[in-house]
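Notes for the one structure printed next.
Proteins get letters first, then strands, A, B, ... in listed order; numbering begins at 1 in each.
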4 protein chains.
Amino acid sequence: MAHKRDREATRAKLLECSRLRFARDGYDGTSVRDVAGDVGVDPALVFRYFGSKSGLFTEAMAGSSEPVILPDGPVEELPAKLMRQLVFEDWAEYAGEHPLIAMLRSAGHEDMKDRLRQQVCEGYLDVLSDLAEGNEDKNLRTELFAAWLLGIGILRTAVGTPTLAKATEDDLRPHLATVAEALFGREVPVD
Amino acid sequence: MAHKRDREATRAKLLECSRLRFARDGYDGTSVRDVAGDVGVDPALVFRYFGSKSGLFTEAMAGSSEPVILPDGPVEELPAKLMRQLVFEDWAEYAGEHPLIAMLRSAGHEDMKDRLRQQVCEGYLDVLSDLAEGNEDKNLRTELFAAWLLGIGILRTAVGTPTLAKATEDDLRPHLATVAEALFGREVPVD
Amino acid sequence: MAHKRDREATRAKLLECSRLRFARDGYDGTSVRDVAGDVGVDPALVFRYFGSKSGLFTEAMAGSSEPVILPDGPVEELPAKLMRQLVFEDWAEYAGEHPLIAMLRSAGHEDMKDRLRQQVCEGYLDVLSDLAEGNEDKNLRTELFAAWLLGIGILRTAVGTPTLAKATEDDLRPHLATVAEALFGREVPVD
Amino acid sequence: MAHKRDREATRAKLLECSRLRFARDGYDGTSVRDVAGDVGVDPALVFRYFGSKSGLFTEAMAGSSEPVILPDGPVEELPAKLMRQLVFEDWAEYAGEHPLIAMLRSAGHEDMKDRLRQQVCEGYLDVLSDLAEGNEDKNLRTELFAAWLLGIGILRTAVGTPTLAKATEDDLRPHLATVAEALFGREVPVD
DNA sequence: CATGAATGAGATTTCATTCAT
DNA sequence: AATGAATGAAATCTCATTCAT
């Protein structure tokens, strides 16, 4: 029982540390040895637990599909919530960026592109599309809004564009309102 | 046939092939061996010509700062032009994506982040900011619009979101109009 | 047989074989592959254990600072002892030469020159200087005598001068007596 | 005729520059490219002129057998002359050291050991042996004296022992007298 | 089961050298 | 004869991964 506990604790620690590394340094920039070193265990354990480096990555990034959104509350509040989450929340475990943006750093590998798409679709587009209800090109509008949020996040943290890098939530609020209204054809609260 | 031993031709071919590889597989996913193999020369030649793998990358990606649109037309036409370039133009040499999006794939390394920022700022923001003239938060608006274009490009090609991946220029035109107007506070032609 | 996977044994064997190679072929003339091949292990192991080729060299040659004679006998006997050690002892692990002479073969690199100087000073000059006690230019005399021993060793093994290469200890004994007396101003036993 | 002259001039310059490099950095530490670069010609010329890197080395170091000694004057003056040459003369072309000591830096390669031996024997031992005339072990005495000079040179420049590195000719003069007398059994002038 | 010794493939890079022109 | 483009072999080193214990 104590053993079981240790095993699970080690697994969890490996996942946690690897998330940070993968997010900060990308898949290629992270070595199994580094991750194992962070936790203080032998690299071979990683292979026992996760089969391969890729397996570790999959499981580490899979954990990030959960925290996406809490779909309670009215749909109108979604844009503001999502922006806060994608752009302003500090994902400490993911080197300060939202997991999706962190994953982009490893998008060279084909299978990670798939994972990415799946998470974007299930985690974001599905939730957002309710907002576009009533428009003919509902899905396109939804994706265009998601693209905007994603682009902002990328310019802010991955590229480090001067103004956005320092912008606060208050700075963006009014523009969120106008763009959301432009795309969804309805007013959204942004406070 | 006339040029078997032609330094410039070989150099150019190396640059061309490396662009494709770097864009498709990222910096880490591309090996000098691969690039040299594509051209059919010995890997050592790459080092002779470019000093290092990093030198090759720099020079390969430097070519991508030129093709930015020069503002010889009226500023109002810029949004449409930029969208065509960023989202719809087929950059064959860069694996079908715009070079900037391709470069994101290698943004794990700190110095490439710098290069990226510089290109975004000088190549795009500087040109676009004229459009936001007259607004108090001119720079923020400019960056927000650029973020949108970039996000669209990423969802389209890097993530492969279902609707955007298949969208045509005509599909996006009306939305471009409303969003640009929302951000810049002026009408822009999108034809 | 009992030890197939024995870290310390493998380490020791690597050190032993590398000593021989470094001594015989010099630093540049020795490749990590060669050393690993001698022991029958993968070259990567060398880097795991010693970090780098230079680390291997350092550790291999560090073993050579110990075997210097400790002055437990009377100082008068030092010259004879040192000559035996420097000139006539067969350092099998170091390709038959005294480690110091072997190290000279790698003295092209600046840091190895430093290591060499330190070993000569601490290992030999410090011990010998007692013999020159009472003379005004004590240190110079000490170094001049050390120079002689070193020179003999070099001509014998590194250059292979005809007479010295075949000389026995008995052949040199009388000359050791006269030169030591000339430099130190006192009689030294040479039997 | 002009061509001939250029060719010879380039050859000479290559030899000169390579001497310096070989002496300073050793055989392995010197690249054909470096040498050619010093002179400002294409590396391929080295191969046209000298066949190989080794050929260049041979010819470069062969030039050093000439300046050895001027066997005019009485034999008694030889020790002082040789010491001046081996220990105190500044061989600018050979990085400040006597060619023989410089060559030791490349003594890892077997064929250089041979070259070294030949030069020591023909250039030094043959000349010196006259001084030992009349002693039974004439050759041994000669080699022992040569060993001393060589050892002094090595400690001075290659090892950098504290006192010898700064010693002047005057400092060594008296010891030269006593040691030479001890070995050759006759007085030698040292002024 | 877990540990750590060991492996093998592959990456970047350097260098002496040869082949066309 | 000379230039410079091109080559091939080898070196150091890293990493994911497997094999004994």
## Note on the structure
Taken to the nearest whole Å, CG/D6(C) to P/dT21(F) is 11 Å

### Query
Considering residues, nucleotides and ligands other than K113(B), do more than 12 of their heavy atoms fall under 6.0 Å from its NZ?
yes

### Message
Can you measure F57(B) atom CZ to dT12(E) atom P for me and round it to whole angstrom units?
### Response
13 Å

### Task
Could you check whether Y49(D) gets within reach of a base, just the sugar-phosphate, or nothing at all, counting any heavy atom under 4.0 Å?
sugar-phosphate

### Query
Distance under 6.0 Å and angle within 45° of the ring axis: does K53(B) meet both against Y27(B)?
yes

### Task
Verify the contact: side-chain N or O of T10(B) to OP1 or OP2 of dA5(F), cut-off strictly under 4.0 Å; return yes or no.
no

### Query
Roughly how many Å is it from CG in L14(A) to P in dT3(E), rounded to a whole number?
11 Å

### Message
Run through DNA chain F and report every stem of 3 or more consecutive Watson-Crick or G-U pairs, distances under 3.5 Å, ordered by first number.
### Response
E:2-21 with F:2-21

## Note on the structure
Whether each nucleotide of nucleotides 9-14 of chain F has a protein heavy atom under 4.0 Å at its base (B), only at its sugar-phosphate (S) or at neither (-) is summarised, 5' to 3', as -SSBBB

#### Entry: Between dT12(E) (P) and F50(B) (CZ): distance, integer Å
15 Å

#### Entry: Whole-Å distance separating the NZ atom of K13(C) from the C1' atom of dA6(E)
13 Å

### Message
Is there a side-chain contact between L100(C) and V159(D) in this structure, where contact means two heavy atoms from C-beta onward sitting under 4.5 Å apart?
### Response
no

#### Entry: M61(C) CE to L56(C) CG distance, which is reported to the nearest 0.5 Å
9.5 Å

### Task
Report the nucleotide, chosen from dA1(F), dT7(E), dT7(F), that has the shortest atom-to-atom distance to any side-chain atom of R7(D).
dA1(F)

### Task
For L45(D), report the nucleic acid contact type (base, sugar-phosphate, nothing); a contact means any heavy atom under 4.0 Å.
sugar-phosphate

